[in-house]
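Okay, structure first, notes after.
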Amino acid sequence: MRLRVQIVMHLSKTFIPTLRETPQDAEIASHRLMLRAGMIRRVSGGIFTFLPLGLRALRQVERIVREEIDRAGAIEVLMPGLQPREIWEQSGRYDLMRDVMFRIHDRQGHDLALGPTHEEVITGLVAHEISSYRQLPCTFYQVQTKYRDEIRPRFGLMRAREFVMKDAYSFDASWDAADGSYQAMYDAYERIFARCGLNVKVVEADSGAMGGQWSHEFMVLADSGEDGLVECNGCTYAANLEKAERARGAPPENSADNGCPSPEKVVTPETTTIEAVSALLDIPAQRLIKTLIYTADIQPVAVLTSGDREINELKLARALGCRELTAADAATVERVTGAPVGYAGPIGLSIPIHADLELRGASDYVCGANQADTHTLHVDIERDVTVTGYADLTNARGGDGCPQCDDGVLQAKRGIEVGHVFKLGTKYSEAFDARYLTAEGEQKPLVMGCYGIGVTRTLQAVIEQHHDANGICWPSSVAPYKVVLLPLNLSHDATRETTERLSAELTAAGWEPLIDDRDERPGVKFKDADLIGYPVRVVISERSLAAGGVEIKARAADKPQTLPLAEAMSQIGEFLS
RNA sequence: CGGGGCGUAGCGCAGCUUGGUAGCGCGUUUGGUUCGGGACCAAAAGGUCGUGGGUUCAAAUCCCACCGCCCCGACCA
């Protein structure tokens, strides 16, 4: 028989320092509320202490994550935060990740890093321990603290330098089998975020520094989100802004003999930006050709877009097939174009010219003349420019056509990235020689996937989506306490007795109530209860007892209801289900 | 790393222009009155004014350097 000690938590015995005033440097609602509700305190930029209330809420999110990831068949491990430099060199990511990693060294001078992620460690483990197809597939995961030297930590736990992440790694015998592991995690993620009460949009994403074949991001839609995304209003297409494609536009008109006059130079003194040119010549930005000079692996190239578009460097790098891509410095621009920065144009350039596909067939446009204080009118791209190739080189935006359906239109939204799944392939297994033996006795590399959830970020995202003017409105699944009891006058015997009876019943039912036993005025208790956002509030007072019982109110409800104690339990259970 | 802003009591701020014994609100402590939506009265504690240097008879205030934080940008899983 197991002894269970059940302690009823009293507010006076824990530590929940709520703030009446709003801390100054908290920018978004969820950050402010976490500080005001006494959940976290800042230690340094992007580094936080979790106070009891924040810790309890974090544990709730972790619990949901573990339940669903376990259910999906993954196995929990715990890997070290401290990692040797060598494994990062082995995967070839040391240079790529060096700016993100906190790098330290031990007393013997060995280089170490605080782990920003764990592909290297897990693949090294698996390379030693997994050797047969009989051991596959398998997925390991952990819930662990990650360290990343963010360029700009902000918004509290949203972008922190130390944060809790759930990361999982799958190993399969084949690319097809790996799709199964990927799908299992994808499904688990949808369940996790649904259980956290989050409205999440899954988008196609770029796999970035992680490498790999494809990936999806789980985005919590919020205006305060740091990531842009687009979704189609006509089909299921949705993508991260970095990755998003757009419809190919109308087929080009035949540009020969279409009546575009011959190019003509026009003087445009001190007009080096699209806005200035557009204003001076009274021509809309979309009829301008923006010419940017990039350096692609040392080689200068010209990139053309219409004046109202932004270059997407990921797309550009892919189209060029280059490894390093940077905007050319002023000296290079002047050398290549023969003009100061701001007057580049595509006519007569002797370097490769890549154009955004929106410019195909562009006729009667304006561009820089490769000559100081001069632009060229009446440019016909087919007639006047030697284009090396057309490709999708710019960001999609709201109003663009959908790349996947006929008349869908893309809508621009903002989101918080709470989860990311990657189909990695064999990049790491080959680097770490993680192979297995097939039934036929053949050596093959393991096919990997990796899957992250920002646990601390998810916690804050819940608050971002669930709050009102008075405070947090916790979904009961992640609430630090589901029920708070407010005995308004503790020196009133009947109030005290009723509170004790109710808390005993709630505790026995597993609801872990919190009793606000502070010697505070009622108003203070009400304000704090709203701020902290317990899903259910029960008021016990002389007035409620005189009215026949206790007063129960769900956080979201406008008005409380008074019920006799006998009926209170079932009503509370109903609110929390 | 570039641009902007801010560092004065636990929190939010004034004082700085024009140098002269450091203030307000909230919170905290004590006593009293209150007690259903952040009460009231009285008393009290609490600050090397971010750090270092300089100017001056005298620096929170003027000058220089550094550190930290916030915002915008570049960049990033």
Side-chain angles (χ1 to χ4, degrees), chain A residues 17-28 31-32 35-36 38 41-47 93 96-101 115-120 146-156 159-161 163 165-167 205-212 215-219 226-227 240 242-243 310-311 313-314 324-327 416-422 424 450-454 457 469-471 486-492 495 516 518-532 537-547 550-551 553 558-560 562:
Chain A
T18 55
L19 265 26
R20 181 187 297 227
E21 289 179 78
T22 303
Q24 223 244 322
D25 38 357
E27 208 53 22
I28 62 173
H31 185 197
R32 283 196 296 269
L35 290 167
R36 285 195 58 207
R41 287 292 183 261
R42 195 188 75 92
V43 174
S44 178
I47 303 175
R93 282 210 293 182
L96 193 64
M97 300 289 276
R98 64 185 303 153
D99 290 340
V100 204
M101 286 194 286
T117 177
H118 283 74
E119 283 76 19
E120 282 75 6
K146 297 281 188 282
Y147 301 89
R148 296 186 187 181
D149 189 2
E150 287 292 338
I151 294 172
R152 184 135 91 91
R154 60 184 132 179
F155 302 153
R159 183 163 293 261
R161 296 197 292 173
F163 59 98
M165 186 180 205
K166 186 280 323 174
D167 46 326
D206 188 84
S207 50
M210 208 55 86
S215 80
H216 288 92
E217 284 173 348
F218 290 72
M219 303 284 237
E226 294 190 83
D227 293 294
N240 183 308
E242 289 176 339
K243 164 90 175 178
E310 290 168 5
I311 288 279
E313 294 190 359
L314 282 167
E324 265 190 56
L325 182 73
T326 52
I416 300 160
E417 180 191 348
V418 288
H420 204 155
V421 293
F422 300 85
L424 284 180
C450 78
Y451 317 92
I453 289 180
R457 182 184 283 184
N470 295 316
L486 301 192
L488 294 189
N489 179 3
L490 282 158
S491 54
H492 181 241
T495 294
D516 188 347
R518 294 175 301 171
D519 182 21
E520 289 285 359
R521 298 165 62 81
V524 173
K525 296 188 180 191
F526 288 134
K527 288 288 186 187
D528 270 353
D530 285 346
L531 173 61
I532 292 168
R537 185 191 81 188
V538 183
V539 174
I540 305 101
S541 67
E542 291 171 67
R543 185 189 294 180
S544 79
L545 293 172
V550 297
E551 222 175 73
K553 178 179 166 304
D558 289 333
K559 287 207 165 70
T562 302

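Residue numbers start from 1 in every chain, and the chains themselves are labelled A, B, ... in the order their sequence lines are given, proteins ahead of strands.
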Write down the distance between [atom1] ([X]) and [atom2] ([N]), rounded to a whole number of angstrom.
X	N	atom1	atom2	value
A:L35	B:C69	CG	P	15 Å
A:K243	B:C76	NZ	P	17 Å
A:R543	B:C35	CZ	C1'	11 Å
A:K527	B:C26	NZ	P	17 Å
A:R518	B:G38	CZ	P	14 Å
A:E21	B:G25	CD	P	12 Å
A:H420	B:C76	NE2	P	14 Å
A:D528	B:A39	CG	P	11 Å

Rounded [atom1] spacing from [N] to [M] in Å:
N	M	atom1	answer
B:C75	B:A22	P	50 Å
B:U48	B:A9	C1'	13 Å
B:G47	B:G54	P	26 Å
B:G20	B:G73	P	41 Å
B:U56	B:G12	C1'	34 Å
B:G4	B:A42	P	48 Å
B:C70	B:U55	P	35 Å
B:C11	B:G53	P	26 Å

**Prompt:** How would you label the contact of A:R457 with the nucleic acid (heavy atoms, under 4.0 Å): base, sugar-phosphate, or nothing?
**Reply:**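 No contact.
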**Request:** Describe the nucleic acid contact of A:Y451 in one word from base, sugar-phosphate, nothing, applying a heavy-atom distance below 4.0 Å.
**Result:**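 The residue A:Y451 makes no contact with any strand.
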Paired nucleotide for [N] [Watson-Crick or G-U wobble; both distances under 3.5 Å]:
N	result
B:G23	B:C13
B:C75	none
B:U18	none
B:A39	B:U33
B:A59	none
B:C6	B:G68

**Request:** For the side chain of A:R42, starting at C-beta, report the closest nucleotide among B:G73, B:C69, B:G38.
**Result:**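 Selected nucleotide (nearest to the side chain): B:C69.
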**Message:** As a test of reading the structure: which of B:C76, B:G38, B:C71 is closest to the side chain of A:L531, going by heavy atoms?
**Reply:**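 So the nucleotide nearest the side chain must be B:G38.
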Report yes if the side chains of [X] and [Y] come closer than 4.5 Å at any heavy-atom pair, otherwise no.
X	Y	answer
A:D227	A:E242	no
A:E417	A:N240	no
A:D167	A:K146	yes
A:V539	A:F526	yes

Taking only N and O in the side chain of [X], is any of them less than 4.0 Å away from OP1 or OP2 of [N]?
X	N	result
A:R521	B:A39	yes
A:S44	B:C69	yes
A:R154	B:C72	yes
A:R152	B:C72	yes
A:R20	B:G27	yes

**Earlier contact from the 5' end, RNA chain B, for A:R537 and A:I151** =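 By nearest-heavy-atom nucleotide position, the 5'-most residue is A:R537.
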**Prompt:** So which one's nearest nucleotide on RNA chain B is more toward 5', A:D227 or A:P560?
**Reply:**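 Looking at the nearest nucleotide for each, A:P560 comes out on the 5' side.
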**Asked** Within the modelled atom types, does a donor on one side and an acceptor on the other bring the side chain of A:R36 and the base of B:G38 under 3.5 Å apart?
**Response**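 Per atom types, the contact qualifies.
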**Prompt:** Hey, is the side chain of A:E520 pairing donor to acceptor with the base of B:G38 inside 3.5 Å?
**Reply:**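 Such a pair does not exist between side chain and base.
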**Request:** Could you pull out the closest heavy-atom pair between A:A160 and A:E150, with the gap in Å?
**Result:**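 Taking A:A160 first and A:E150 second, the nearest heavy atoms are O-CG, 3.6 Å.
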**Asked** What do the steps show when you test A:E119 against A:R93 for salt bridge (charged side-chain N to carboxylate O under 4.0 Å, His left out), and what is the final call?
**Response** CA-CA 10 Å; A:E119 283 76 19; A:R93 282 210 293 182; 2.9 Å; yes
**N/O donor-acceptor pair under 3.5 Å between A:R161 side chain and A:D149 backbone** =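 Checking the backbone N and O of A:D149 against the side chain of A:R161, no donor-acceptor pair under 3.5 Å is found.
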**Request:** Report yes or no: does A:R154 contribute a side-chain atom to a donor-acceptor pair with the main-chain N or O of A:R159 at less than 3.5 Å?
**Result:**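 No; judged by distance alone, with no hydrogens or angles, the pair does not exist.
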